[in-house]
Amino acid sequence: GTEDAIAAAALSQTADIYITTGANFLMDAGTSVRSASGNIGIDTTGDFTVGSVDAVAGYVHVAATGAILDGGESLTDFIADRLQLEAGTGAGLLGSTNYDPLEIDATTISARITNGPLALSELNAVQVGLTEGTVNKLDVNGLGSIALDATDARYGFESQGGGSVTLVAGGSITALAAPAATPTVAAVRLAAAGDLLLQANASGALVVLEGDVTLTEGSLTLRGTNGVSLAADVTVETGGAGTVDVFSSTGGLAMAGGSTIISDTGDVVVETSGDVLVAGIESSADVALTSTSGSILDNEATRVNIDAST
């Protein structure tokens, strides 16, 4: 129908759960949709305001033509092994006065945003990578069919029309390498203007980039308490005057051979406690590298390590 769908109580079962609405889907604060041993799929035309969606160790797919919004602070918004979010006008809220990220507890996450922000707060360590699963549904004729399958797989973070992306985690953040079927696709890709923050907060937490990160134009910030690393041949790049900032309070920056950090016309700033191992950094503006307790070292002797204005 076209009226708002409202969930005011808990829904719990052991099989798959599939929910589709033709209007906004509103979950009251404290309500939940939970499958103890199955997967969950939710497709809604309009906004989805979430209480809690919990697939325990399974797959959760949520797609809204509008926004995906936090409906309350009493429960974790999404719990899953593989969490897949798709939204037309953003997932979570960003801003100095209305910051309200989606609270998640997932092993692997992907997200595709048409326009607007992506704001996530992860309880533990998390991977940004490939998410897929099968969700079965019961049709009106009483027969079962497949609502979601491998054709609905998604990889990484994708922002299509403009909007910033933030992921703050209580453990390490790992951006996984692209699947074999799409080897050139970046793990994080912002196709229009927008900033990016990947922040791993816990003691010992790292930001590990095994896949590329590309921004069309915007500031790119990587914060890992115990370090930031780029795997071999990984590129971290932002266009225009966007800056690249890398911070670590107890660790360093490790760039494997062939990896590159690029800002077209913005500064690149690295501030760490540990060693800074440089493969390649490029900018037509300034590059500043600081290690308060370690060394700044050439980690790829066969190339120019820093190509910058100053």
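For the pair N136 (side chain) and I146 (backbone), a donor-acceptor distance under 3.5 Å is absent. Although no hydrogens or angles enter the test, the distance criterion places a donor-acceptor pair under 3.5 Å between the side chain of D212 and the main chain of T235. Using modelled atom types, no side-chain atom of D70 and backbone atom of L102 make a donor-acceptor pair closer than 3.5 Å. Here the side chain of S110 pairs no donor or acceptor atom with the backbone of L130 at under 3.5 angstrom. A distance-only check finds a donor-acceptor pair linking the side chain of S37 to the backbone of T14 [under 3.5 Å]. The backbone N or O of A241 lies less than 3.5 Å from a partner atom in the side chain of T265, making a donor-acceptor pair. N115 places no side-chain N or O within 3.5 Å of a backbone atom of T89 that could act as its donor or acceptor partner. In this structure, T21 contributes its side chain and A23 its backbone to a donor-acceptor pair below 3.5 Å. Under a 3.5 Å cut-off, the side chain of E217 and the backbone N or O of G240 do not form any donor-acceptor pair. Looking only at distances, no side-chain donor or acceptor of N124 sits under 3.5 Å from a matching main-chain atom of G171.
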**Message:** Is there a side-chain contact (heavy atoms from CB on, under 4.5 Å) between R303 and T260? Walk through the geometry before answering.
**Reply:** CA-CA 11 Å; R303 69 188 288 194; T260 309; 3.1 Å; yes

**Request:** Report the C-alpha separation of I281 and L289 in whole Å, then their side-chain angles, then the decisive distance to 0.1 Å, and conclude whether the side-chain contact (heavy atoms from CB on, under 4.5 Å) test is met.
**Result:** CA-CA 10 Å; I281 299 176; L289 308 180; 3.9 Å; yes

**Item:** Test side-chain contact (heavy atoms from CB on, under 4.5 Å) applied to M255 and L277, step by step
**Value:** CA-CA 6 Å; M255 300 179 65; L277 308 179; 5.6 Å; no

**Asked** Would D43 and T20 count as a side-chain hydrogen bond (donor to acceptor under 3.5 Å, both in side chains) if you check the C-alpha gap in whole Å, the side-chain angles of each, and the deciding distance to 0.1 Å?
**Response** CA-CA 5 Å; D43 290 313; T20 180; 5.5 Å; no

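Side-chain atoms of V60 and L83, non-hydrogen and from C-beta on, do get closer than 4.5 Å to each other. Side-chain contact between L222 and F247: absent, with no pair of heavy atoms (C-beta onward) separated by less than 4.5 Å. Annotation: side chain of Q127 is in contact with side chain of T107 (closest heavy-atom distance under 4.5 Å). D105 is listed as a side-chain neighbour of E122, based on a closest heavy-atom distance under 4.5 Å. Using a 4.5 Å heavy-atom threshold, the side chains of Q84 and L148 count as separate. When side chains are defined from C-beta on, F48 does not count as touching I19, because their heavy atoms never get closer than 4.5 Å. Proximity of E210 to T174: side-chain heavy atoms (C-beta onward) are separated by under 4.5 Å at one or more points. Residues I296 and V270 fail the side-chain proximity criterion, which asks for heavy atoms closer than 4.5 Å.
No option in I109, T166, V128 other than I109 meets the side-chain contact (heavy atoms from CB on, under 4.5 Å) test with L120.
Side-chain heavy atoms closer than 4.5 Å link hydrophobic residues (I, L, V, M, F, W, Y) into clusters, and following such links, even through other members, never connects L85 to L69. Cluster membership for L190 and V234, using ILVMFWY side-chain heavy atoms within less than 4.5 angstrom, is shared. No chain of hydrophobic side-chain contacts below 4.5 Å, direct or via other Ile, Leu, Val, Met, Phe, Trp or Tyr residues, connects L93 to V50. Both I306 and V246 are part of a single hydrophobic cluster, where members link through side-chain heavy atoms under 4.5 Å apart. Under the 4.5 Å side-chain heavy-atom criterion for grouping Ile, Leu, Val, Met, Phe, Trp and Tyr, I113 is connected to I42 within one hydrophobic cluster.
Atom CD of residue E271 and atom CG of residue L253 lie 12.5 Å apart, to the nearest 0.5 angstrom. Atom CG of L118 sits about 8.0 Å away from atom CG of L94, to the nearest 0.5 Å. If you take OG1 on T31 and CG on L26, they are separated by 10.0 Å, rounding to the nearest 0.5 Å. To the nearest 0.5 Å, atoms CG (L196) and OG (S219) are separated by 10.0 Å. How far OG1 of T221 is from CG of L197: 6.0 Å, rounded to the nearest 0.5 Å. From E237, atom CD reaches atom OG of S263 across 9.0 Å, with rounding to the nearest 0.5 Å.
Taking all atoms of both residues into account, the shortest heavy-atom contact from G258 to A279 is N-CB, 4.5 Å. Across all non-hydrogen atoms, the minimal contact from P117 to G92 is CG-O, 3.6 Å. Contact detail for S291 and G274: the closest heavy-atom pair is OG-O, 2.6 Å. Across A177 and Y155, no two heavy atoms sit closer than the pair C-OH, 3.2 Å. Minimum heavy-atom separation, N24 to T44: C-OG1, 4.1 Å. In terms of heavy atoms, E300 sits closest to N305 at O-ND2, 3.3 Å.
Side chains of S52 and D54: no donor on one and acceptor on the other come within 3.5 Å.
The side-chain hydrogen bond (donor to acceptor under 3.5 Å, both in side chains) pairs that include a residue from residues 279-290 are D286-T310, where partners are two or more places apart or lie in different chains. For residues 183-192, there are no side-chain hydrogen bond (donor to acceptor under 3.5 Å, both in side chains) pairs, not counting sequence neighbours. Evaluation of the ring-ring contact (aromatic ring centres under 6.0 Å, His included) test over residues 51-84, restricted to residues two or more places apart or in two chains, returns none.
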